[in-house]
There are 2 protein chains.
Amino acid sequence: MTATNRPRAANGLLTEDEPGSAAQRDRRKRILDATIALASKGGFEAVQMRAVAEKADVALGTLYRYFPSKIHLLVTGLARELERGLERLDRATIPGETPYDRVLQVLGRVTRAMQRDPHLTEAMTRAFMFADASAAAEVDAVGRLMDRMFAYAMHDEPTEEDMAIARVIADVWLSNLVAWVTRRATANDVAERLELTVRLLLRKDSRT
Amino acid sequence: MTATNRPRAANGLLTEDEPGSAAQRDRRKRILDATIALASKGGFEAVQMRAVAEKADVALGTLYRYFPSKIHLLVTGLARELERGLERLDRATIPGETPYDRVLQVLGRVTRAMQRDPHLTEAMTRAFMFADASAAAEVDAVGRLMDRMFAYAMHDEPTEEDMAIARVIADVWLSNLVAWVTRRATANDVAERLELTVRLLLRKDSRT
DNA sequence: AGCTACTATAGAACGTGTTTCAGTTTTCGA
DNA sequence: TCGAAAACTGAAACACGTTCTATAGTAGCT
């Protein structure tokens with residue numbers, strides 16, 4: 001009968017005006033915290049819906065009312081973490097004289113973050129890549145966050161070309177993330193390939 | 001007790017010396033054919049192990065003896081299709097004066113192939129991206145096939161730099177495949193982004 | 001305070017990937 | 001040709017994502 005049976009609008013990714021009552025915002029936070037904790041401990045397969053519900057102290061049905069699938073749950077968690085990371089990036093100026101240097105800086109930072117919590121990285125990467133069309137909004141939000149991250153590393157006001165380059169870098173980054181997660185590439189391989197990619201893309205550009 | 005209970009060695013991806021008896025090779029082929037057919041008709045979710053087994057006329061247990069998971073099954077199927085496509089590419093010379101032109105040719109071709117069978121594309125892309133470490137060998141084989149495809153489009157004997165560029169293109173291609181599959185990007189978006197990427201990477205290179 | 005609509009809960013139930021098992025058939029070396 | 005080892009079969013069982021149901025709580029309106 002009801003048009004929507006979700007306690008929050010589908011956008012649900014921007015930090016802005018969180019909808020719902022305080023209790024609902026709290027439940028939502030508990031759910032995402034539980035998700036991250038479980039993912040961090042045991043990766044994608046450890047994020048079991050029953051376990052998340054129990055850890056967040058909500059019923060299984062409630063969990064599904066907040067997040068329609070495990071994929072939505074994990075991708076939303078990824079978006080939250082990325083937003084936090086991006087805020088931290090915004091506050092501190094990225095060191096480096098050239099776009100090339102600054103992009104490498106940022107890449108180094110995210111690569112270290114990835115290594116710091118392999119299970120979490122695995123869970124989120126696989127959820128992101130496995131998502132189907134029903135999670136397109138969430139996935140897209142994450143994609144834009146990544147593009148933005150690299151674009152801002154180049155210039156405060158990225159041009160069209162900056163955005164195009166940032167997107168390519170994000171694509172390569174994702175691909176390498178997947179390779180690292182499946183153990184087809186070491187962290188060193190990833191670092192090398194990223195550096196090579198950035199060199200190919202930014203070889204002559206050196207504006208500040 | 002037995003060390004290996006698989007009818008074929010784990011490599012299983014190169015066309016070379018298919019192992020096993022004729023009956024085994026035939027079963028294997030029937031299984032992959034059934035997989036492709038189901039994927040083509042209904043995508044990832046339609047590739048149900050029981051359905052594959054029935055369509056291939058083998059017992060469920062036998063299916064699992066040949067392919068240890070749905071992911072292995074689909075990624076192996078993808079590898080087979082890619083090999084076939086690559087053979088076709090090898091036989092016909094790719095038109096185009098410059099590496100830039102030829103890479104765009106190849107990209108246009110695979111993009112059309114992707115559009116021709118959306119369900120199959122969806123099934124294989126998602127399997128490829130969702131794979132975990134246990135399918136690393138299969139996934140890696142597919143990755144190398146894609147790199148090779150783009151590298152050969154540039155030069156018959158790709159240099160190190162050609163290979164690096166090819167890898168970046170393959171990464172961007174994959175990323176766009178995922179975006180297309182989740183309906184975050186149209187085929188046109190994909191074509192545009194690929195062209196832009198290739199332009200960024202090959203802007204001054206024009207050797208034949 | 002009482003009514004109504006919405007939200008949360010506990011738990012059963014269902015679907016599909018995966019595993020297991022007992023029994024049969026096939027393969028292959030002696 | 002015989003017998004053991006390996007492969008195949010059919011069916012049951014299990015795990016986890018997802019859905020459903022019956023009941024209980026809760027918030028807002030009058």
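Lettering of chains follows the sequences in order, A, B, ..., and the numbering in each one begins at 1. Only this structure's heavy atoms are used, side chains among them; waters, hydrogens and symmetry mates stay out.
Taking 4.0 Å as the cut-off between side-chain N and carboxylate O, B:Asp33 and B:Arg80 count as a salt-bridged pair. Checked for salt-bridge contact, B:Glu122 and B:Arg126 meet the test: a charged N lies under 4.0 Å from a carboxylate O. Using a 4.0 Å cut-off between charged side-chain N and carboxylate O, A:Arg167 and A:Asp171 make no salt bridge.
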Could you go through nucleotides 23-30 of chain C and list every protein N or O atom that sits under 3.5 Å from one of its N or O atoms, giving the distance for each pair?
none

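Atom P of nucleotide C:dG17 and atom CZ of B:Phe67 are separated by 16 Å, given to the nearest angstrom. For the pair B:Asp57 CG and D:dT9 P, the interatomic distance rounds to 8 Å; values are reported in whole Å. Between A:Glu45 atom CD and C:dT18 atom C1' the separation is 13 Å, expressed in whole Å.
Donor-acceptor pairing under 3.5 Å, judged by distance alone, is absent between the side chain of A:Arg65 and the base of C:dT9.
Separating the CZ atom in B:Arg65 from the CD1 atom in B:Ile31 is a distance of 11.0 Å, to the nearest 0.5 Å.
The distance between the ring centers of A:Phe130 and B:Phe44 falls below 6.0 angstrom.
At distances below 3.5 Å, not a single donor-acceptor pair connects side-chain atoms of B:Asp147 with backbone N or O atoms of B:Arg144.
Here A:Val47 lies in heavy-atom contact (under 4.0 Å) with sugar-phosphate atoms only.
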Seminar exercise, completed: In 5'-to-3' order, the base (B), backbone-only (S) or no-contact (-) status of each nucleotide in nucleotides 19-30 of chain D, using a 4.0 angstrom heavy-atom cut-off, is B-----------
